[in-house]
Amino acid sequence: MSVVSYRKSCHLLNHDDVIGTRRVSYILYMPLPHYLGWQKEWGGALELYPVKPGPDGVPEPEPVPAKTIPPCWNQFVFFEVQPGKSFHSVEEVVVGEGEDGRQRLSISGWFHSIQPGEEGYVPEDTHEFKSSREQLTSTQTEFKSYPDTVEPPLPDDPLSEAHLSFLSEFLNPVYLQPRTMKALAQRFVEESSLELHSFLCTPLADKLQLGLMEKDQRDGLGPDRVTRIPPYSSGGMARRREDGGVSALGQGSPDEAVRSLQDELFSSAAFRAWLAVSVDDPMGTAAGEEPERGWQNGEWGGWECYMAPNEEEDDPAVYRSGAPKKKLDMNVSANGHSKNHVDDEDMQEDSDEEDEEDGTLLTVQPGFNRLLLVLRDEGVMRFVKYVSAAAEGSRWDVCGEFEIGMVQEEESDS
Ligand SMILES: O=C(O)CCC(=O)C(=O)O
Ligand SMILES: [Fe+2]
């Protein structure tokens, strides 16, 4: 049992509470101050999600909750803990403490099933579905493979004219210069991750930035929006985009440009060849570039995080199945907005020490038009931090994963 205080920006992402022998979850709400009724607009509602069968038949929560329960003084809520079914989240609290000390205070805990040795114990059937925690560790994404008939590119293969011409439609020309590519490769070998600023060429980046800002404006998600609370907290605004009908939009729309990065650029043989040759940031944070501090100081969330598998996990098989492989993760972020109203507190810094302890290997703040490349050992988990209600726009990205192999050099006869 614990006493929990949710204040401004606190939230809890969608989960099913399945850990160990938990059977029933309960919460007693005591939002403060008790004489002031908690307003729905202050956020902090408990959200309950229906489930639907996912692509592989495993149930997953619908994106929109079926029920939202704003906290209310002396209200008691309880529900059965069911693997892959009892999905719920806590909406972000968007109200400040104010003079009257507003906070969403609660006492919550779990009733557990009868333990072996206790009276009435019956061995349980194993769960039919994975808990949300287990689902986190298994990838749901389906990847399209390159045809086996095509030889994978090698680091020493120069890029063909055709590849260069294709890539010049998308990439900043700097990244197509052999010298740059060589420097990139060297830095990647040393650091295992690269952040390439101003990655897409100016015409494409401009089109994307403008288009995405206009789209946010139209969708009521721009900096001037009236409601500050994301529509639901299972992933906030970023998640809503997934269902937002990318394909339903017309030609030439920013969505189409985002789509073309995924379907044309990153899946092309040309990009594969470029990756093989380059893999630094010769430009660094270019002088004069507008600081994107809303995203950059962590205030708006949405950063990308890589975490080591937990060695003490009770079910090591979850992380250690199959032969160890290395993967190259790639992510280009296109958050349309770059304004900031936040003061100088660097929220990332104070978490560095904790990071080492909790297995965080790398955290990267998103910035417009940046490509992030990360060499990822098998089992390393990647996730994107919740995008807060304070964000002045949505966070778009296009990501991919490339499997990499070793090149065996031919033995010389000498
Ligand atoms: O406080 C709530 O409404 C729910 C909390 C919860 O889901 C949890 O602590 O697991
Ligand atoms: Fe919970």
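Side chains are part of it too, since the values below use all heavy atoms of this structure and drop only hydrogens, waters and symmetry mates. Start at 1 and go down the list; that is how both ligands and their atoms are numbered.
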Hits for side chain to side chain contact (heavy atoms under 4.5 Å, CB included) against Thr21, two or more places apart or cross-chain, chain-then-number order -> His112, Ser113, Gln115
Q. Phe170 vs Phe166 aromatic rings, parallel, tilted or perpendicular, using cut-offs 30° and 60°?
A. tilted
Between His88 and Phe79, does the ring centre distance come in under 6.0 Å?
->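 They qualify: ring centres under 6.0 Å apart.
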Notebook entry, point to check: Are His15 and Phe87 near enough that their ring centres are under 6.0 Å apart?
Noted result: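 Not under 6.0 Å, so no.
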(message) With a 6.0 Å cut-off (strictly less than), is the heavy-atom count around CD of Glu118, excluding the residue itself, greater than 12?
(response) yes
Sequence neighbours excluded, the answer for ring-ring contact (aromatic ring centres under 6.0 Å, His included) partners of Trp274 is Phe199, Phe271
| request: Establish, from distance only, whether the side-chain atoms of Asn369 and His197 form a donor-acceptor pair under 3.5 Å. | output: no
Quick check on ligand 1: any N or O pairs to the protein under 3.5 Å? One line per pair.
{"unit_1": "ligand 1", "atom_1": "1 (O)", "unit_2": "Arg104", "atom_2": "NH1", "d": "3.0"}
{"unit_1": "ligand 1", "atom_1": "1 (O)", "unit_2": "Arg104", "atom_2": "NH2", "d": "3.4"}
{"unit_1": "ligand 1", "atom_1": "3 (O)", "unit_2": "Tyr29", "atom_2": "OH", "d": "2.5"}
{"unit_1": "ligand 1", "atom_1": "3 (O)", "unit_2": "Arg104", "atom_2": "NH2", "d": "2.7"}
{"unit_1": "ligand 1", "atom_1": "7 (O)", "unit_2": "His15", "atom_2": "NE2", "d": "3.3"}
{"unit_1": "ligand 1", "atom_1": "7 (O)", "unit_2": "His88", "atom_2": "NE2", "d": "2.9"}
{"unit_1": "ligand 1", "atom_1": "10 (O)", "unit_2": "His15", "atom_2": "NE2", "d": "3.1"}
{"unit_1": "ligand 1", "atom_1": "10 (O)", "unit_2": "Asp17", "atom_2": "OD1", "d": "3.0"}

Under 2.8 Å from the Fe ion (ligand 2), the protein N, O or S atoms found are His15 NE2, Asp17 OD1, His88 NE2
- Query: Ion pair present between Arg104 and Glu92, side-chain N to carboxylate O less than 4.0 angstrom?
  - Reply: no
Q: Applying salt bridge (Lys or Arg N to Asp or Glu O under 4.0 Å), run through Glu304 and Arg395 and close with a yes or a no.
A: CA-CA 11 Å; Glu304 183 146 332; Arg395 176 199 184 284; 3.7 Å; yes
